[in-house]
Amino acid sequence: MSGTFEGPAHAAGTVPGAGPPEVTERDHQRSVLAELRDYRAAFMAAGLAMAVVDHRGRVVRANDALGGLLGADPASLAGRSAADLLDLTSDRTTWRAYSEVLDGAGQGFRRTRRIKHADGRPLWAEVTVAPVTGSTTGAGRVLLSVADVSDRRELRERLRHLRIHDPVTRLPNRTLFFERLASALETPAGHGRIGLCYLDIDGFKAVNDTLGHGTGDRLLAAVAGRLTDCAEADGHPTDGRGSGGHLVARLGGDEFAILVEDSSGPRQLTDLARSVLAALQRPFDVGGHRLSVSASIGVVERASTGTSATALMQAADTTLYWAKADGRARWTLYDPERNASRMTRQALSSTLGPAVERGEFTLEYQPLVGMADEVVRGVEALVRWNHPRFGLLAPSRFVPIAEEDGTIVQLGRWVLRTACRQARRWQLEHPDEPALFISVNVAVRQVRDSDLVADVAEILAETGLEPGLLQLELTESAVMGSSGRPLRVLQALSDMGVRIAIDDFGTGYSNLAYLSRLPVSVLKLDGSFVRGFRYEDGAHPSPADETIVEAMVQLAHRLGLTVTAECVETSGQAERLRRIGCDTGQGWLYSRAVAPERIAELIGTRGVES
């Protein structure tokens, strides 16, 4: 009985206490194949475009999504180079990373590439490359996944375009301009030179203020069009996207720039500026208005190497300032020497006031000699600046700056006090000789912007100098048309006993009418008339100059004025001036401007020599 029960049970594999039956090799293969079918089905049905690539970079299998993205039958992609299909060879970095993944040494990467549909339509795709390891697909395989990002890229490009372009003129704006400028300086083009026309519109503010910003914006757009035409006519088509050719940009307000990235030299830039100026001077028809404007243009051209965007723009800004200062409606080419002079001028301007306080100024004195007896009658005080950096500077280097920034009031007060003190010292040191008068130059700002009458009264009282020994020199332009306060100032000084002299007479307005109503005591004839008297060095005298001088001397004498001739350099000039009737002379024939000690030696002498 027992054998009967055990047989069937053993045969059926149902031995009590035994485990489940083992999986056979065939069952395992069936399972793997089923898994592969599932993977392939998922791969082919996936919405994300994908391809499996072998170690040589050839497509093993592509899914339907990739075929649709490229406009090709997925089966036709098998065997093709994935790098060619997806633009993985166009730059060295991407190709190197891809090759490392194929060789099993890379970790994968992601790139955005510009690929083409079968119909030639370009599109942007984000390509992810990843090695396939530990998979049943086999060793050395690579999985590529491709996502169409064209819409995202287009939106980003549109936003960038808005960010780097001006909405009014649609020209590149300041941001794009400086990007292009930096790029051009980092990678110089053919000639290795760069140029810039930097301009703003003369008269634009008036248009905005009177006709409104709407009309102003339409005018700016019209200006942009003409600038673009000028740049294109120069032989380099412009690209509003900011690549290639001359870049025309609006930098803000009514400021524009034309960047020439490959300049052939200054001539090209000045020709371009000339054409821009001519184009903008033609009337504009804007919103029913006929508008006339012009431009001031700063032109800079130089080698790209060794310059920077900051230096180029500083030069352009400086040159635009020169164009405006020279009268507007013009172009001006950058001049290193003029800029050096400007920088020196700025340095002088910033240190003028402190220099007066530090005692860096000194006075020299040039004799005023009687023409009849050649005896020193007085001296003119001439200020010098002992600059710690630039050395001894003549008045022409710093007085105009002082007049512009108002420092002339402080400096003029110091000169007046120092000169009066010195004149009084000579008087006390030479009591037996006639006292010398002291002549001091006064700027128009001293008359208008300071209490000159109070200053003079205070200094005369402080030094003890008699008012009749002080002569104040003013130019014709300073006294012409004097009325109101300036006239009252001059009159008060004259009433005090101070003499008023008109310097450089004959070169300004030469309106003789004011001589009858201004409290003038002395006329100083400009040296240009005296130079016409020369016989020496082969020069021929000018009869016209002699006639004019003689007429002015006679007129002055009839008005009770004395006459001083400036720039007397030769004995021949002195003789003719003496015969004409000039009262005193001043010039190198007698003496240059000298230190006060030398003047002390000349007091009471005759026949002065330098």
Side-chain angles (χ1 to χ4, degrees), residues 352-353 355-368 376-384 395 399 402-403 406-475 478-479 482 484-503 518-522 524 561-562 564 584 593 595-597 599-600 603-604:
L352 249 172
V356 177
E357 299 172 1
R358 289 194 298 264
E360 294 179 5
F361 292 91
T362 186
L363 293 184
E364 292 184 345
Y365 302 89
Q366 187 171 30
L368 294 158
V376 178
R377 302 292 177 80
V379 293
E380 179 180 354
L382 299 171
V383 64
R384 306 284 189 259
V399 167
E403 290 178 341
T407 314
I408 193 66
V409 173
Q410 178 187 8
L411 178 60
R413 191 178 292 119
W414 177 87
V415 170
L416 184 62
R417 176 174 282 105
T418 304
C420 289
R421 187 180 293 127
Q422 182 61 63
R424 178 60 175 160
R425 184 178 298 120
W426 285 324
Q427 186 180 20
L428 295 175
E429 291 174 353
H430 301 83
D432 297 331
E433 300 291 344
L436 301 181
F437 70 85
I438 186 80
S439 190
V440 178
N441 290 280
V442 175
V444 64
R445 290 195 69 159
Q446 290 177 264
V447 177
R448 295 176 179 172
D449 298 349
S450 70
D451 195 344
L452 184 60
V453 176
D455 288 344
V456 170
E458 177 186 333
I459 290 170
L460 291 178
E462 174 189 317
T463 60
L465 187 69
E466 300 169 18
L469 295 178
L470 175 61
Q471 175 174 292
L472 300 180
E473 296 187 19
L474 296 93
T475 61
V479 298
S482 288
R485 185 172 183 274
L487 179 58
R488 290 195 299 272
V489 169
L490 296 180
Q491 189 62 59
L493 291 169
S494 179
D495 293 343
M496 192 186 300
V498 175
R499 296 196 296 179
I500 305 297
I502 305 300
D503 196 14
L518 291 178
V520 177
S521 303
V522 181
K524 295 189 73 174
L561 311 178
T562 60
T564 298
T584 54
E597 295 78 16
I599 295 296
I603 293 177

Could you give the distance from [atom1] ([X]) to [atom2] ([Y]), rounded to the nearest 0.5 Å?
X    : Y    : atom1 : atom2 : answer
L363 : E380 : CG    : CD    : 11.0 Å
L490 : L474 : CG    : CG    : 6.0 Å
L352 : E360 : CG    : CD    : 9.5 Å
L416 : N441 : CG    : CG    : 11.0 Å
I459 : R424 : CD1   : CZ    : 15.5 Å
R417 : L465 : CZ    : CG    : 13.0 Å

Distance only, no hydrogens: is a donor on one side chain within 3.5 Å (strictly under) of an acceptor on the other, for R488 and Q491?
no

Before giving the answer on side chain to side chain donor-acceptor pair (under 3.5 Å), spell out for S439 and Q471 the whole-Å C-alpha distance, their side-chain angles and the decisive distance to 0.1 Å.
CA-CA 4 Å; S439 190; Q471 175 174 292; 3.0 Å; yes

Is there a side-chain contact between D451 and V453 in this structure, where contact means two heavy atoms from C-beta onward sitting under 4.5 Å apart?
yes

In the structure I gave you, are the side-chain heavy atoms of L518 and I500 within less than 4.5 Å of one another anywhere?
no

What are the two closest non-hydrogen atoms of [X] and [Y], and how far apart are they?
X    : Y    : answer
R384 : L382 : NH1-CB, 3.4 Å
A381 : V440 : CB-CG2, 4.5 Å
E466 : L460 : O-CD2, 4.4 Å
H430 : A600 : NE2-O, 3.5 Å
P395 : V383 : CG-O, 3.1 Å
V520 : L561 : O-CD2, 2.8 Å

Trace of the side chain to side chain contact (heavy atoms under 4.5 Å, CB included) decision for Q422 with I438:
CA-CA 9 Å; Q422 182 61 63; I438 186 80; 5.9 Å; no

Just do the side chain to side chain contact (heavy atoms under 4.5 Å, CB included) check on I603 and V376 with the steps written out, would you?
CA-CA 6 Å; I603 293 177; V376 178; 6.0 Å; no

Should the pair W414 and F361 be assigned to parallel (<30°), tilted (30 to 60°) or perpendicular (>60°) ring geometry?
tilted

Residues in salt bridge (Lys or Arg N to Asp or Glu O under 4.0 Å) contact with E433, at least two apart in sequence or another chain:
none

Heavy-atom donor-acceptor pair, E429 side chain to W426 backbone, under 3.5 Å
no

Go through it in stages, so that I can follow the logic: the residues are Q410 and R413, the test is side chain to side chain donor-acceptor pair (under 3.5 Å), and I'd like the CA-CA distance, side-chain angles, deciding distance and then a yes or no.
CA-CA 5 Å; Q410 178 187 8; R413 191 178 292 119; over 6 Å; no

Side chain to side chain contact (heavy atoms under 4.5 Å, CB included) evaluation trace for L470 with M496
CA-CA 10 Å; L470 175 61; M496 192 186 300; over 6 Å; no

List the steps and the verdict of side chain to side chain contact (heavy atoms under 4.5 Å, CB included) for T562 and T584.
CA-CA 8 Å; T562 60; T584 54; over 6 Å; no

